[in-house]
Q: 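The structure's right below; bear with me while I get my questions together.
In what follows, chains are A, B, ... by sequence order, proteins preceding strands, each numbered from 1.
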Amino acid sequence: MNNDQSGELIQRYFLGAISEDEMVELDRRLKDDEGLRAQFAAAARLDTNLRDAASSFSQANDEPKIVSIRASRNVLVGLGAAAVLLLCAVLFLQFRPGSSLEANRRSPEPIARIAELNGTVAWIGDGRQEGESPAVGDELTGGTLEVSSLDSWAEVVFDDGSSVWVSGPAVLTLSDGESGKLIRLREGDLSLDVSPQPPGKPMRVITPSAEAVVLGTQFNISVNSFSTSIAVNEGRVRVTRLADGSVQEVEADHRVVAALEQESQFKAHPRGEHVRIWKSEFPRDARKGKWKPGAGGRPDAMQAEAHLFRGDVHGEEIEPILLHSVVVGPSGGAHPPVLLTEGARFRIRGKLRRSYRVAFGFWTRQARGGFSGKFATKREIEIDQNAEGHFELELFLDDFPRKRNRFRRTWDWKYPVSNSSHLNRLRIARQTS
Amino acid sequence: MTMDGDKESEFMRLFVAHEPELRAFLRTLLPTWEVVDDVFQEASVVMWKKLDQLEGEDGFLPWAKVIVRFKALQARRTVARDRLVLSEETVALLAEEALELAPDQVGRERKALDNCLQKLSNEHQKLVLLPYREPGGLTELAQRTDRSANSLYKLLGRLREKLRLCVEQELVAEGGHP
């Protein structure tokens with residue numbers, strides 16, 4: 001067997017197409033040939049880098065676009081722990097009236113302050129060390145707020161009273177320059193209550209797929225890997241789809257979805273009726289976690305993503321906890337809002353490597369307005385080995401103790417370290433019996 | 001390295017910074033990405049638990065690789081029951097040699113890969129990325145294009161080998177060692 005054939009064997013190995021005989025031959029050659037082992041290791045690194053390149057590759061675009069940055073790497077890739085499921089339901093946030101956001105990267109003057117926060121929140125900004133945890137009342141200059149974990153949230157209030165409520169996981173950058181205030185939201189959910197802005201200086205909210213120009217209004221914005229959804233409760237927001245520069249004026253009680261590609265519809269439409277039944281569909285509803293397309297009869301799944309939970313910052317000290325989590329939700333895409341009413345049921349289908357205590361939670365918005373609360377519960381999931389780790393669970397709305405509105409208390413999410421978990425499906429339904 | 005106080009954030013910074021090297025290291029030792037991802041998670045938990053053993057920022061990668069290697073060899077024995085795997089002796093040799101790799105090698109090759117991908121036609125770019133974007137996509141593509149899966153694998157193998165050589169040449173051209 002010559003060198004070309006050795007190279008072919010190596011590639012077949014990494015493509016998962018190697019036969020048993022070929023494997024024996026490859027193993028024999030690797031054992032005897034240091035040069036071939038170096039080639040094999042280089043092929044492994046190529047496989048790693050191709051995988052990374054594929055995650056940066058525009059899936060929505062037929063024409064390939066190779067992106068050189070490691071866009072897919074999560075800043076807080078973490079370790080260990082239990083599966084935490086958080087789903088977003090219902091719509092629209094209620095927010096305190098506010099006005100402008102003020103921040104100039106060059107200016108040491110504070111532009112806003114932290115009004116409330118919970119969970120893992122990091123601030124990277126002028127005058128602060130990287131990743132420092134802010135406290136309530138801290139004044140902020142321009143910078144980046146990382147609200148990392150599922151139970152995390154923060155409210156930032158600007159000098160003019162405008163407020164931004166952000167629900168984790170989310171990453172946003174605040175700044176203010178001569179052209180007005182600017183919020184960059186890479187991922188996550190925001191609810192904004194924006195006071196009238198000075199003439200010629202609108203607030204702008206920029207996401208990977210859209211730009212919203214705001215003069216003064218109340219609206220909610222959800223960003224995922226594929227699209228930006230904007231729902232306006234009061235006033236008017238001008239939204240530009242960055243894929244092609246097309247513009248939509250979104251009035252009160254209307255919403256629009258701007259996708260990364262141009263093929264999907266980009267048109268503001270009335271918010272419409274709520275639905276009471278919703279079933280997850282991946283990757284459409286994926287908010288956090290790794291999408292694993294189904295194959296060979298296996299359904300689509302979201303694999304839990306690890307992160308570090310450092311607890312509440314309101315005086316209570318806890319040891320950092322390693323968690324795995326999946327976040328799905330109907331609010332990020334074009335799906336109508338899901339209304340939760342008495343008797344609502346949650347059916348969750350997933351897979352665990354072994355038995356764990358698992359936390360399930362969700363957060364809600366008011367029917368017309370802002371954040372209304374977070375809910376959470378925990379369950380021991382006993383895995384039947386005959387079922388290969390698969391489980392199905394049904395929870396009722398009453399099973400979720402309500403956390404306080406705009407709560408300050410700690411979410412008590414402490415779980416043993418565990419391994420990977422998957423979510424196959426989440427379904428919300430009305431009670432039928 | 002002082003890991004008191006902010007030790008977790010410091011650990012996370014190092015962990016994220018070296019993640020590509022650690023994943024590539026694991027890929028050298030384990031047969032599939034599924035196994036790599038599982039072992040990576042297990043190893044990262046061990047790293048976190050043993051954080052007190054870490055001395056100095058520069059020591060992170062070698063220290064982490066030792067943990068990762070141990071977990072990989074354990075996993076190899078488990079998956080050998082139902083998968084095609086390299087022998088333990090070969091994996092041990094690969095691990096030993098991969099420990100010596102320059103810390104920035106994977107990152108440099110990643111950048112070079114971008115240039116190399118641009119040299120491929122659009123069709124070939126899509127093809128080499130397809131297995132990562134759509135598991136099972138190659139078989140479907142073979143059916144769709146009326147080609148045998150084997151011929152598609154051969155073409156893909158040639159393209160990947162071409163990319164590997166291109167990356168090597170790019171690194172030589174930039175003045176470093178391949």
Q: Please state whether the side chain, the backbone, both or neither of B/L101 comes within less than 4.5 Å of a heavy atom of chain A.
A: side chain

Q: On a heavy-atom basis, which atom in B/P131 and which in A/L15 lie closest, and how many Å separate them?
A: CG-CD2, 4.3 Å

Q: Give the table of side-chain donor-acceptor pairs shorter than 3.5 Å for residues 87-96 of chain B, with sequence neighbours excluded, one pair per line with atom names and distance.
A:
unit_1	atom_1	unit_2	atom_2	d
B/S87	OG	A/D27	OD1	3.0
B/S87	OG	A/D27	OD2	3.0
B/S87	OG	B/T90	N	3.2
B/S87	OG	B/T90	OG1	2.9
B/E88	OE2	B/R77	NE	3.3
B/E88	OE2	B/R77	NH2	3.1
B/T90	OG1	A/D27	OD1	2.8
B/E96	OE1	B/R69	NH1	3.0

Q: In Å, rounded to the nearest 0.5 Å, how long is the span from CZ of A/R51 to CH2 of B/W33?
A: 5.0 Å

Q: Where does B/D37 contact chain A at under 4.5 Å (heavy atoms): side chain, backbone, both or neither?
A: side chain

Q: What is the minimum heavy-atom distance between B/L117 and A/L50, and which atoms define it?
A: CD2-CD2, 4.2 Å

Q: Considering all heavy atoms of both residues, which atom of A/A53 and which atom of B/L129 are nearest to each other, and what is their separation?
A: CB-CD2, 4.2 Å

Q: Around B/Q74, counting heavy atoms of other residues, nucleotides and ligands shown, do more than 12 lie under 6.0 Å from its CD?
A: yes

Q: According to side-chain contact (heavy atoms from CB on, under 4.5 Å), who are the partners of B/A43, at least two apart in sequence or on a separate chain?
A: B/M47, B/I67, B/V68, B/K71

Q: What's the spacing between A/M23 CE and B/L86 CG if we round to 0.5 Å?
A: 5.0 Å

Q: What is the distance from atom OG1 of A/T48 to atom CZ of B/F25, rounded to the nearest 0.5 Å?
A: 12.0 Å

Q: Which atoms of A/R37 come close to chain B, meaning under 4.5 Å heavy atom to heavy atom: side chain ones, backbone ones, both, or neither?
A: both

Q: I'd like to check the ring-ring contact (aromatic ring centres under 6.0 Å, His included) partners of A/F40; sequence neighbours left out, ordered by chain and number.
A: A/Y13, A/F14

Q: Quick check for you: to the nearest 0.5 Å, what is the distance between A/N49 atom CG and B/K111 atom NZ?
A: 11.5 Å

Q: Would you say the side chain of A/D47 lies within less than 4.5 Å of the side chain of B/R164, judging by non-hydrogen atoms?
A: no

Q: Hey, are A/D52 and B/Y132 close enough side-chain-wise for a donor-acceptor pair under 3.5 Å?
A: no

Q: Please give me the minimum heavy-atom distance between B/A24 and A/A44, naming the atom from each residue.
A: O-CB, 4.3 Å

Q: Checking B/L30 against chain A: side chain, backbone, both or neither under 4.5 Å from a heavy atom?
A: backbone

Q: Of all the residues in residues 154-163 of chain B, which have a heavy atom that comes within less than 4.5 Å of a heavy atom in chain A?
A: B/K154, B/L156, B/G157, B/R160, B/E161, B/L163

